[in-house]
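Because the structure is a prediction, the values reported are computed rather than measured.
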Amino acid sequence: MLFKIWLKKFVRIFIIFCLTCIVIGLALFGIGRPQKQIIWGLTFSSIRAEELGYDPQVLLATILTDLHPKKVRIPAYWSELEPQQDQFDFSKIENLLTETDERGTDVIVVLGKKQPRWPECHQPDWFNSLQPNEQNSAILSMLEKSVTQLTHHQSITAWQIENEQFFEYGPNCPKTDSKLYKQELNTVAQLDSRPLITTDSGEKGLWLKSAWSGAEILGSTMYREVYHDKKEKYITYELPWWTYNIKAGLIKLFTNTDEVIGVELQAEPWLIIANPKATSPEEQLTHMNPDVFKNNIAYAAKVGFPENYLWGVEWWYWMAREHNDSSMLNEAKTFFNKQ
């Protein structure tokens, strides 16, 4: 008899708990609901372009002419900005921004030590010999000088500070200290009024820590298939699309973040070896091809972030040039020409 009483109580509590979770989930989904109007952009990496044998400025100009993206996200790699301590060279990023200025293409400029593309941390060599307090000062100095130098570019619409700063990934690339990261955001905010973007893993991150840092916009990655080094096999993220909207609702409700965007939508294969020259084109196309591309676009469209930046444009051009396979490039041209 006593068992039946406790069982009934447990069932009632369980039902109430489940209903509460459903109600909360629906409320958060409503706050972070999908948008119907989506702007599709690209992430362009000068380092990736050079790895594949391109002049970054020439390739970016070609991309802007061929695809006409409305928005582009461009990392400004610290290793290129300050190759020698206190000796800055902004020529590469300035050349790229000249191209976007001339075409009126909106740009997110990424600044910081942690940056898109392997090996994830892109500090100059001299940085590694500094003491921790000296390293922090060097980071803040780099941000100050970079923003001051680049603010005149009208195509810059926002600054992304660091990349997935609380997600430890890459060789010798630890998480960014929370206190330091807030200092980084404050440094940029005092110099320029354009919005600040913080980023987190869409698949593994909870987003709250990044959103609490103080940026107005949160950028999420969106990868569908990755190679898991520890498991030594490919894995597919089967996350229901609405999980992104629930997390977006969560941070909009409990933080000062106004907007969530997709900063990296997978449109190139995740390879076991980062350099595609070491993998056969046939193997690469099993992991990314026009059908996968369209499926990833459809998935992102369901999520409905107001902006999505496709990841892999340099690879599309390289496959067309080096392997005479224009399937991805042609699919991308068809897609962007419809926007």
Side-chain angles (χ1 to χ4, degrees), residues 34 38-45 47-49 51-52 63 67 69 71-75 108 110 115-120 160 163-164 167 169-170 199-205 207 218-229 231 233-245 247-248 260-276 279 281 283-319 325 327-336 339:
I38 300 174
I39 297 174
W40 301 91
L42 299 165
T43 292
F44 178 78
S45 167
I47 285 180
R48 185 60 155 183
E51 286 176 350
L52 298 179
I63 291 168
L67 304 179
K71 293 177 177 285
V72 179
R73 184 177 69 134
I74 302 178
I108 296 171
V110 188
Q115 288 269 13
R117 283 292 172 193
W118 191 261
E120 306 302 316
Q160 177 186 321
N163 189 64
E164 297 178 281
F167 181 55
Y169 183 66
T199 56
D200 206 340
S201 168
E203 297 70 43
K204 295 183 177 181
W207 301 0
L218 184 135
S220 167
T221 62
M222 194 175 290
Y223 285 90
R224 310 292 290 131
E225 182 191 58
V226 305
Y227 183 78
H228 197 293
D229 293 329
K231 295 182 179 181
K233 66 177 183 178
Y234 280 95
I235 62 171
T236 301
Y237 288 112
E238 300 289 356
L239 295 176
W241 60 268
W242 42 263
T243 58
Y244 288 88
N245 302 104
K247 288 200 290 186
V260 179
I261 63 175
V263 290
E264 287 180 22
L265 173 58
Q266 186 177 19
E268 72 172 15
W270 187 299
L271 301 177
I272 299 175
I273 301 174
N275 190 338
T279 305
E283 172 68 14
Q284 294 182 55
L285 288 170
T286 63
H287 299 289
M288 179 56 63
N289 55 58
D291 289 336
V292 177
F293 178 90
K294 287 185 283 190
N295 288 337
N296 287 359
I297 292 287
Y299 180 87
K302 283 185 178 180
V303 175
F305 289 148
E307 296 178 21
N308 274 289
Y309 294 79
L310 276 73
W311 177 260
V313 61
E314 308 89 356
W315 177 74
W316 308 340
Y317 279 85
W318 180 78
M319 285 291 288
D325 190 317
S327 58
M328 281 296 299
L329 181 56
N330 289 338
E331 186 62 41
K333 287 180 178 179
T334 299
F335 173 74
F336 276 99
Q339 304 309 309

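We find the CZ-CE distance between Phe305 and Met222 to be 5.0 Å, quoted to the nearest 0.5 Å. Here CG of Leu67 is found 10.0 Å from OG1 of Thr334. Values are rounded to the nearest 0.5 Å. Between atom CD of residue Gln339 and atom CD1 of residue Ile39 there is a gap of 10.0 Å, rounded to the nearest 0.5 Å. How far CD of Gln160 is from OG1 of Thr199: 4.5 Å, rounded to the nearest 0.5 Å. Going from atom CG of Leu285 over to atom CE of Met319 covers 4.0 Å, rounded to the nearest 0.5 Å. Note that the CG atom of Leu310 and the CG atom of Leu42 stand 6.0 Å from one another [nearest 0.5 Å].
In terms of modelled atom types and a separation under 3.5 Å, the side chain of Gln266 and the main chain of Glu225 share a donor-acceptor contact. At least one donor-acceptor pair under 3.5 Å links the side chain of Gln284 to the backbone N or O of Pro276. Looking at Lys247, its side chain does come within 3.5 Å of a backbone N or O of Gly202 through a donor-acceptor pair.
Between Tyr169 and Trp118, the distance separating the two ring centers is shorter than 6.0 angstrom.
The aromatic rings of Phe336 and Trp316 sit tilted relative to each other, their planes meeting at an angle between 30° and 60°. Between Trp207 and Tyr244, the two ring planes are tilted [angle within 30° to 60°].
Looking at heavy atoms from C-beta onward, Asn245 lies in side-chain contact with Val303 at the 4.5 angstrom threshold. Contact check for Asp325 versus Pro281: no side-chain heavy atoms found under the 4.5 Å cut-off. Side-chain contact between Leu265 and Ile297 is present, with heavy atoms from C-beta onward closer than 4.5 Å.
Remark: Arg117 qualifies as a cation-pi partner of Trp311 under the 6.0 Å distance and 45° angle criteria applied to the six-membered ring.
Contact between Phe44 and Ala49 at its shortest, heavy atoms only, is CZ-CB, 4.0 Å. Of all the heavy atoms in Ala248 and Val260, the pair that sits closest is CB-CG2, 3.9 Å. The nearest pair of heavy atoms linking Pro240 to Thr243 is O-OG1, 2.8 Å. Contact detail for Thr221 and Ser201: the closest heavy-atom pair is OG1-CA, 3.5 Å. Closest non-hydrogen pair, Asn296 versus Met288, comes out as ND2-CE, 3.7 Å.
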Step by step, would you call Tyr237 with Lys204 a side chain to side chain contact (heavy atoms under 4.5 Å, CB included)? CA-CA 10 Å; Tyr237 288 112; Lys204 295 183 177 181; 3.2 Å; yes
Between Arg73 and Glu264, is the side chain to side chain contact (heavy atoms under 4.5 Å, CB included) condition met? List the steps. CA-CA 9 Å; Arg73 184 177 69 134; Glu264 287 180 22; 2.9 Å; yes
Would Ile261 and Ile108 satisfy side chain to side chain contact (heavy atoms under 4.5 Å, CB included), going step by step from the backbone distance to the final call? CA-CA 12 Å; Ile261 63 175; Ile108 296 171; 4.2 Å; yes
Given the rule in the side chain to side chain contact (heavy atoms under 4.5 Å, CB included) test, do Val226 and Ile235 qualify, once you have shown the distances and angles that lead to the verdict? CA-CA 6 Å; Val226 305; Ile235 62 171; 3.6 Å; yes
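Identified under the side-chain hydrogen bond (donor to acceptor under 3.5 Å, both in side chains) test for residues 298-308, with sequence neighbours left out: Glu307-Tyr309.
Applying the side-chain hydrogen bond (donor to acceptor under 3.5 Å, both in side chains) rule to Ser45 yields the partners Tyr77; only residues at least two apart in sequence or on another chain are considered. Judged as a side chain to side chain contact (heavy atoms under 4.5 Å, CB included), and not counting sequence neighbours, the contacts of Asp229 are Tyr227.
Among Tyr234, Trp270, Tyr223, the single residue meeting the ring-ring contact (aromatic ring centres under 6.0 Å, His included) criterion with His287 is Tyr234.
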